[in-house]
Amino acid sequence: MTRYLITGAAGMLGRDLQEALAGRDVVALTRADLDITDAAAVASALAGVDVVFNCAAYTAVDAAETDEEAAHAVNALGPATLAEATAANDTKLFQVSTDYVFQGDATAPYPEDEPRDPLNAYGRTKAGGEEAVLGLNPAGGYVVRTAWLYGRHGANFPATMLRLGRERDSVSVVNDQVGQPTWTADLARQLVLLADSDAPAGVYHGTNSGQASWFDFAQATFQEAGLDPDKVKPTDSSQFVRPAPRPAYSVLGHDAWSRAGLEPMRDWRAALHEAASSGVFGE
C-alpha cells in the first residue's frame, strides 16, 4: 500500500489533503512535528514513505521583505532537504509553489516552462524551492504552482469579504490585479490525482481555470451568499500600498495537464459555488 506524508499538515491545504486521502495510509506532520530543514528529522520521517506532499511554507509575503532569510530557510532550504532525501529513497515529492515566481506583467496565461522572474522576496524564496526540487530530484520532483487560495480550514478572502459586507455599507476591492481564485479542496484532489497517475515529473499549474480580479471574486462571493454584489466597489492597488509588490497578472496556463493525459482543474466560479455550501464562508 502506498504511504503518503504531508508536511505542513495543519494548514488550509494540508488539512484538505488529509480529507482527500481519507482511507489511505497517511502520515500528517505539522510544523511542530517536523522541521523540514532538519536533514536527520526528514530522513526519519521519510522511512517507508512513497509520496511526499510539501505544504510547509513561509507565506507572510510582506514580512519576507525584511526577513528574507527566514523565508528562504522554509521555502528554499526546506524543499532542498526534502528533495535530497526523496531522491535517495526513490520517493515522489510534490512541492506546492506559487504564481509569485513570475513578475505578473504578462498579458496571456503563463505557461509552465516560462522562466522564473520573481517580483519580490517571497517569490525569490519560492523560486529557490522550485529549483531545488527539480534539480535534486529530477525523476520524482513535481512542482505544483497555485495562487489565490481559499478554503474551509483557514482565514480566507470570501469569509473576510462577507464579514466586511455585513459591517459596512460598501467594500472597496481592487480590480487591477487579475488571477485565479482556487479552492483548496479542488487543489488537494488535483494533487492526489497527479500522485496517482503516471504523469512525468516537472511543473504543473494547480489553479482553478478561468480568471478574475479580486473585485470579481468579491462580487461572486456576495452573490453566492445572497448579498447585494453592488455593495462591492472597484478601486485600484494604489489605495492599498503594501511592503511587497503584488503581481498585476497571475493567470497560469494548464497545458501540462493535457500533455499528461489529465484534466485541469475546473472553472473558479463553479468551484466557488460548491465551496459556498461547504463552510468556506464561515457560516
Verdict with supporting geometry, Leu17 and Val192, side-chain contact (heavy atoms from CB on, under 4.5 Å): CA-CA 8 Å; Leu17 259 174; Val192 174; 4.0 Å; yes

Is there a salt bridge (Lys or Arg N to Asp or Glu O under 4.0 Å) between Glu19 and Arg152? Walk through the geometry before answering. CA-CA 12 Å; Glu19 294 179 12; Arg152 182 161 55 94; 3.0 Å; yes

Start with the C-alpha distance between Val174 and Asp236, add both sets of side-chain angles, then the distance that settles side-chain contact (heavy atoms from CB on, under 4.5 Å), and finish with yes or no. CA-CA 5 Å; Val174 298; Asp236 59 51; 5.7 Å; no

Run the numbers on Asp169 and Lys231 for side-chain contact (heavy atoms from CB on, under 4.5 Å), then give the verdict. CA-CA 7 Å; Asp169 293 334; Lys231 289 185 70 174; 5.6 Å; no

Worked verdict on Tyr249 versus Gln211 for side-chain contact (heavy atoms from CB on, under 4.5 Å): CA-CA 10 Å; Tyr249 185 86; Gln211 66 179 56; 3.9 Å; yes

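Between Thr98 atom OG1 and Lys126 atom NZ the span is 7.0 Å, to the nearest 0.5 Å. With rounding to the nearest 0.5 angstrom, the OG1 atom of Thr86 is 9.0 Å from the CD atom of Glu84. Interatomic distance, OH of Tyr58 versus CZ of Arg31, reported as 10.5 Å (0.5 Å rounding). The CG atom of Asp228 lies 9.0 Å from the CD atom of Gln219; values are rounded to the nearest 0.5 Å. Rounding to the nearest 0.5 Å gives a distance of 5.0 Å between OG1 of Thr184 and CE of Met12. Considering CG of Leu5 and SG of Cys55, their distance stands at 10.0 Å, rounded to 0.5 Å.
With hydrogens and angles disregarded, a donor-acceptor distance shorter than 3.5 Å links the side chain of Ser197 to the backbone of Leu194. Side chain of Glu68 to main chain of Tyr122: no donor-acceptor pair is present (N/O by atom type, distance under 3.5 Å, no hydrogens or angles). Put simply, the side chain of Gln95 never gets that close to the backbone of Gly141: no donor and acceptor are under 3.5 Å apart. Side chain of Asn120 to main chain of Pro245: a donor-acceptor pair is present (N/O by atom type, distance under 3.5 Å, no hydrogens or angles). Put simply, the side chain of Thr30 never gets that close to the backbone of Gly8: no donor and acceptor are under 3.5 Å apart. Proximity of a side-chain donor or acceptor of Asn75 to a complementary backbone N or O of Ala57 within less than 3.5 Å is not detected. Under a 3.5 Å cut-off, the side chain of His205 and the backbone N or O of Ala256 do not form any donor-acceptor pair. Panel note: side chain Asp176, backbone Ser237; a donor-acceptor pair is recorded below 3.5 Å. At distances below 3.5 Å, at least one donor-acceptor pair connects side-chain atoms of Thr182 with backbone N or O atoms of Ala147. Asn137 contributes no side-chain N or O that, together with a main-chain N or O of Leu82, makes up a donor-acceptor pair within less than 3.5 Å.
Under a hydrophobic-cluster definition in which Ile, Leu, Val, Met, Phe, Trp and Tyr are linked whenever side-chain heavy atoms come within less than 4.5 Å, directly or via other members, Leu191 and Val143 are assigned to different clusters. Note on Leu93: it clusters hydrophobically with Ile36, by side-chain heavy-atom contacts below 4.5 Å among ILVMFWY residues. Cluster annotation: Val144 and Leu21 are assigned to the same hydrophobic cluster (Ile/Leu/Val/Met/Phe/Trp/Tyr, side-chain heavy-atom contacts under 4.5 Å, transitive). Grouping the Ile, Leu, Val, Met, Phe, Trp and Tyr side chains by contacts below 4.5 angstrom, directly or via other members, places Tyr4 with Leu193. Both Val49 and Val133 belong to a common hydrophobic cluster when Ile, Leu, Val, Met, Phe, Trp and Tyr are linked at side-chain heavy-atom distances under 4.5 angstrom.
Residues Gln239 and Thr235 approach most closely at CG-OG1, 3.1 Å, considering heavy atoms. Here the closest heavy-atom approach between residue Leu136 and residue Ala80 is recorded as CD1-O, 3.6 Å. When every heavy atom of Glu112 is checked against every heavy atom of Val203, the shortest pair comes out as CG-O, 3.5 Å. Between Pro247 and Leu119, the shortest heavy-atom contact is N-CD2, 3.3 Å. Across all their heavy atoms, Pro234 and Asn175 have their closest contact at CB-ND2, 3.4 Å. Of all heavy-atom pairs between Phe240 and Ser172, the closest is CZ-O, 3.8 Å.
Counting heavy atoms from C-beta on, the side chains of Arg246 and Tyr100 come closer than 4.5 Å. Counting only heavy atoms from C-beta outward, the side chains of Tyr110 and Arg145 never approach each other to under 4.5 Å. In this structure, Val51 and Phe94 have side chains that are in contact, with non-hydrogen atoms separated by less than 4.5 Å. Counting heavy atoms from C-beta on, the side chains of Leu162 and Phe222 come closer than 4.5 Å. In this structure, the side chains of Gln190 and Tyr204 stay at 4.5 Å or more apart for every pair of heavy atoms. Here the side chains of Asp16 and Leu187 are not in contact, with every heavy-atom distance at 4.5 Å or above. Side-chain contact between Gln223 and Arg269 is present, with at least one heavy-atom pair separated by less than 4.5 Å. For the pair Asn54 and Pro79, the minimum side-chain heavy-atom distance is below 4.5 Å.
More than 12 heavy atoms of other shown residues, nucleotides or ligands fall within 6.0 angstrom of atom CG in Asp105. Enclosure of atom CD in Glu263 is not indicated, since only 12 or fewer non-hydrogen atoms of other residues, nucleotides or ligands lie within 6.0 angstrom. No more than 12 heavy atoms of other residues, nucleotides or ligands lie within 6.0 Å of CD in Glu69, so this atom counts as exposed by the packing criterion.
Using modelled atom types and a 3.5 Å distance limit, the side chains of Ser213 and Asp216 yield a donor-acceptor pair. For Gln18 and His153, the side-chain atoms include no donor-acceptor pair closer than 3.5 Å.
Ring geometry, Phe217 versus Tyr150: the interplanar angle falls from 30° to 60°, so the pair is classed tilted.
Checked against the 6.0 Å centroid criterion, the rings of Trp148 and Phe157 do not qualify as a close aromatic pair.
Lys92 and Asp196 are not joined by a salt bridge, as no carboxylate oxygen comes within less than 4.0 angstrom of a charged side-chain nitrogen. With respect to the salt-bridge test (charged N to carboxylate O, under 4.0 angstrom), the residues Glu274 and Arg266 qualify.
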